[in-house]
Amino acid sequence: MHYIIHTFGCQMNVADAEVLAGHLETMGYSETTTEELADVILLITCCVREHAESKVYGKIGELYDLKQKRPEIILGVGGCMPQQADVASKLQQRFPYLDLVFGTHNLASFPDLLDQVRNSGSTVVEVLHGVGGITENMPRVRRDNLKAWVTIMYGCTNFCTYCIVPYVRGKEQSREMSAILTEICDLAERGYREVTLLGQNVNSYGTDLVAHPDFADLLQNIEQISGIERVRFMTSHPKDFSRKLIAVLASSKKICEHLHLPVQSGSNRILQAMNRGYSREHYIALVDEIRRSIPNTVLTTDIIVGFPGETAEDFEDTLNLVREIRFDAAFTFAYSPRSGTVAATWAEQLSKEEKKERLKRLNDSVNEIALERNKPLVDQIVEVLVEGPSKTDETMLTGRTRGNKLVHFPSDPSVIGKILAVKITRAQTWSLFALPVGMPR
Ligand code: 5AD
Ligand code: SF4
């Protein structure tokens with residue numbers, strides 16, 4: 001018996017898909033990449049923007065032919081889309097050939113749901129809402145044997161006015177610190193060298209736990225785990241980024257010098273309308289302090305253009321913030337109204353053309369600065385964790401610097417999984433080229 005999981009959206013979904021793969025393999029399924037061979041196909045969906053949803057609808061449509069040919073195949077849709085009001089029933093109406101529709105709070109009961117489908121032969125729909133507590137120790141098939149995703153908290157309670165996440169992932173719930181540390185010790189024993197801690201807002205980790213540990217405490221404990229050499233985390237929220245955390249980052253040997261710190265807009269008016277909880281000035285002061293305490297920090301961000309009511313002046317404020325901060329990279333998005341969120345109900349929506357034009361102008365600036373930030377790296381020697389063959393040129397290998405920059409270099413596969421010193425020879429906007437200079441370790 002074989003399965004395929006198609007994962008859309010963010011790393012939270014990637015982590016959830018690893019758990020679903022764990023359940024499926026415990027039930028006797030093994031993975032395939034050939035749809036014709038699959039007995040179960042799952043789509044783990046994203047609804048953060050319309051574009052993400054369209055891709056999912058397209059994929060479900062594509063699977064119709066396969067289901068006609070092999071009606072016994074089980075097609076399931078999980079993740080964030082079915083958590084939205086009415087979407088689970090709409091999916092069923094529009095695609096009656098789906099066998100299973102489940103949500104983000106149903107991971108623990110997935111084996112039971114799949115059994116119900118197999119035994120009844122009819123469509124099973126289960127989407128739980130609200131908080132049901134965290135289930136620890138679910139089986140998990142990790143997609144990588146070097147770098148691991150470790151979820152430290154679920155959900156989000158910030159309610160940024162554009163964002164659907166709090167509605168589909170529920171309120172913030174932190175995992176017990178002991179459970180996280182046990183998981184990371186186990187990963188270290190199994191040879192993992194890097195962990196990325198995941199949460200929608202890792203800076204508020206622990207506020208819901210009885211002992212109130214904070215994110216800085218968690219990082220200090222992870223620092224002690226031998227075998228783990230690189231620690232990353234995302235996503236940080238500028239409103240909750242503490243001085244204590246900056247001090248811990250500055251003194252750590254393992255926490256990598258890369259921060260993903262979404263700013264979303266450079267206009268105070270828009271930041272307020274977004275309910276972000278900080279001002280442009282606060283963001284700039286925070287970045288100044290981070291850069292003073294942790295030199296060479298690679299800073300990346302998320303920016304939305306065309307939020308309802310965004311004037312030409314507001315947009316200019318975003319552009320001049322980008323020029324002032326000089327991000328290493330930015331993920332940029334045209335605002336996409338999400339049904340159920342506050343901002344989607346506002347009258348002052350911008351046209352698609354206006355959003356597209358602003359996005360292009362923003363991307364031009366972001367890309368120009370990204371290249372400028374990479375150029376001074378030429379001739380520098382940096383350490384990369386070697387991941388494997390390059391996707392663009394199979395004669396090359398790729399790895400990531402501590403700052404999370406992608407580096408291509410010639411070497412033989414024996415260095416995969418090792419940390420290697422390389423000298424940067426050429427800089428592009430999104431990647432660097434290098435030559436190995438040291439012995440791998
Ligand atoms: N429209 C456009 N971008 C959005 N994001 C979240 N919601 C929306 C939306 N409705 C972006 C934010 C967030 C990133 C993950 O997705 O920038 O940080
Ligand atoms: Fe969405 Fe804001 Fe929560 Fe991030 S912090 S997941 S943007 S509501």
Side-chain angles (χ1 to χ4, degrees), residues 3 5 7 9-29 31 40 42-46 74 76-84 88 100-118 124-143 148-157 165-187 189-190 192 195-202 204-213 215 218 221-222 233:
Y3 74 91
I5 303 179
T7 309
C10 71
Q11 294 309 332
M12 281 289 171
N13 275 0
V14 174
D16 285 356
E18 290 183 346
V19 172
L20 291 166
H23 281 316
L24 284 159
E25 299 210 356
T26 307
M27 294 170 87
Y29 290 87
E31 192 179 20
V40 173
L42 300 180
L43 308 188
I44 307 306
T45 64
C46 170
I74 295 174
V77 174
C80 293
M81 273 171 67
Q83 290 289 153
Q84 298 172 96
L100 174 59
V101 179
F102 60 106
T104 54
H105 300 290
N106 297 85
L107 292 192
S109 57
F110 176 78
D112 291 340
L113 299 177
L114 190 61
D115 269 341
Q116 280 178 43
V117 175
R118 292 200 297 196
V124 172
V125 180
E126 192 183 278
V127 179
L128 299 177
H129 291 276
V131 178
I134 293 173
T135 309
E136 291 290 352
N137 300 319
M138 286 192 279
R140 188 154 179 177
V141 177
R142 295 189 186 265
R143 294 290 168 218
W149 306 107
V150 175
T151 308
I152 63 164
M153 57 200 295
Y154 298 89
C156 180
T157 319
V165 170
Y167 304 92
V168 296
R169 288 256 166 200
K171 76 170 190 194
E172 252 168 44
Q173 283 189 95
S174 304
R175 285 178 69 196
E176 289 294 340
M177 175 123 71
S178 55
I180 299 170
L181 296 175
T182 305
E183 181 177 346
I184 299 177
C185 285
D186 177 54
L187 289 165
E189 267 167 35
R190 290 174 17 209
Y192 284 85
V195 290
T196 303
L197 312 177
L198 292 180
Q200 305 295 345
N201 172 9
V202 291
S204 64
Y205 170 78
T207 43
D208 58 316
L209 294 175
V210 177
H212 288 306
F215 185 51
L218 176 65
N221 282 314
I222 294 173
F233 53 86

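Position 1 is the first residue of the sequence, and the numbers go up from there. Because only heavy atoms are used, hydrogens play no part in the values below, and waters and symmetry mates are left out as well, while side chains stay in.
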Residues forming a ring-ring contact (aromatic ring centres under 6.0 Å, His included) with Tyr154, sequence neighbours excluded: none

Arg175 backbone acceptor or donor facing Tyr205 side chain under 3.5 Å: yes

Flag, side chain of His23 to backbone of Leu107, donor-acceptor distance under 3.5 Å: yes

Minimum heavy-atom distance Gln200-Gly155, with the two atoms named: CG-O, 3.4 Å

Separation between CD1 of Ile44 and SG of Cys10, rounded to the nearest 0.5 Å: 12.0 Å

Residue pair Pro166 / Cys156: nearest heavy atoms and the distance that separates them: CB-O, 3.3 Å

Side-chain (Glu18) to main-chain (Arg143) donor-acceptor, under 3.5 angstrom: yes

Main-chain N/O of Asp208 paired with Ser174 side-chain donor or acceptor, under 3.5 Å: no

Nearest-0.5 Å distance, CG of residue Asp16 to OG1 of residue Thr104: 7.5 Å

Heavy-atom pair with the smallest gap, counting every atom of Met27 and Pro111: CE-O, 3.6 Å

Smallest separation among heavy atoms of Ile5 and Ala21, with atom names: CD1-N, 3.7 Å

Distance-minimising heavy-atom pair for Trp149 and Arg140: O-NH2, 3.2 Å

Residue pair Glu183, Ile180: steps toward the side-chain contact (heavy atoms from CB on, under 4.5 Å) verdict: CA-CA 5 Å; Glu183 181 177 346; Ile180 299 170; 5.8 Å; no

Polar side-chain atom of Gln83 near backbone of Leu128 as donor-acceptor pair, under 3.5 Å: yes

From Glu126 atom CD to His105 atom NE2, the distance as rounded to the nearest 0.5 Å: 12.0 Å

Residue pair Cys80 / Cys46: nearest heavy atoms and the distance that separates them: CB-CA, 4.4 Å

Residue pairs involving residues 106-117 (criterion salt bridge (Lys or Arg N to Asp or Glu O under 4.0 Å); sequence neighbours excluded): Asp115-Arg118

Spacing of Lys171 atom NZ and Thr157 atom OG1 [to the nearest 0.5 Å]: 7.0 Å

Test side-chain contact (heavy atoms from CB on, under 4.5 Å) applied to Ile222 and Leu197, step by step: CA-CA 10 Å; Ile222 294 173; Leu197 312 177; 3.6 Å; yes

Partners meeting side-chain contact (heavy atoms from CB on, under 4.5 Å) with Asn201 (sequence neighbours left out): Asn158, Glu172, Asn203, Ser204, His237, Lys239, Asp240

Backbone of Ala108 reached by a side-chain donor or acceptor of Thr135 within 3.5 Å: no

Pairwise distance OG1(Thr151) to CG(Leu198) - rounded to 0.5 angstrom: 5.0 Å

Leu114 CG to Leu24 CG distance, which is reported to the nearest 0.5 Å: 6.5 Å

Test log, rule side-chain contact (heavy atoms from CB on, under 4.5 Å), inputs Arg142 and Leu187: CA-CA 10 Å; Arg142 295 189 186 265; Leu187 289 165; 3.3 Å; yes

Pair Ile74-Tyr3, side-chain contact (heavy atoms from CB on, under 4.5 Å): steps then yes or no: CA-CA 9 Å; Ile74 295 174; Tyr3 74 91; over 6 Å; no

Side-chain donor or acceptor of Asn221 paired with backbone N/O of Leu218 under 3.5 Å: no

Whether Phe110 and Phe102 hold their rings parallel, tilted or perpendicular, with breakpoints at 30° and 60°: tilted

Between Thr7 and Asn13, a side-chain donor and acceptor under 3.5 Å: no

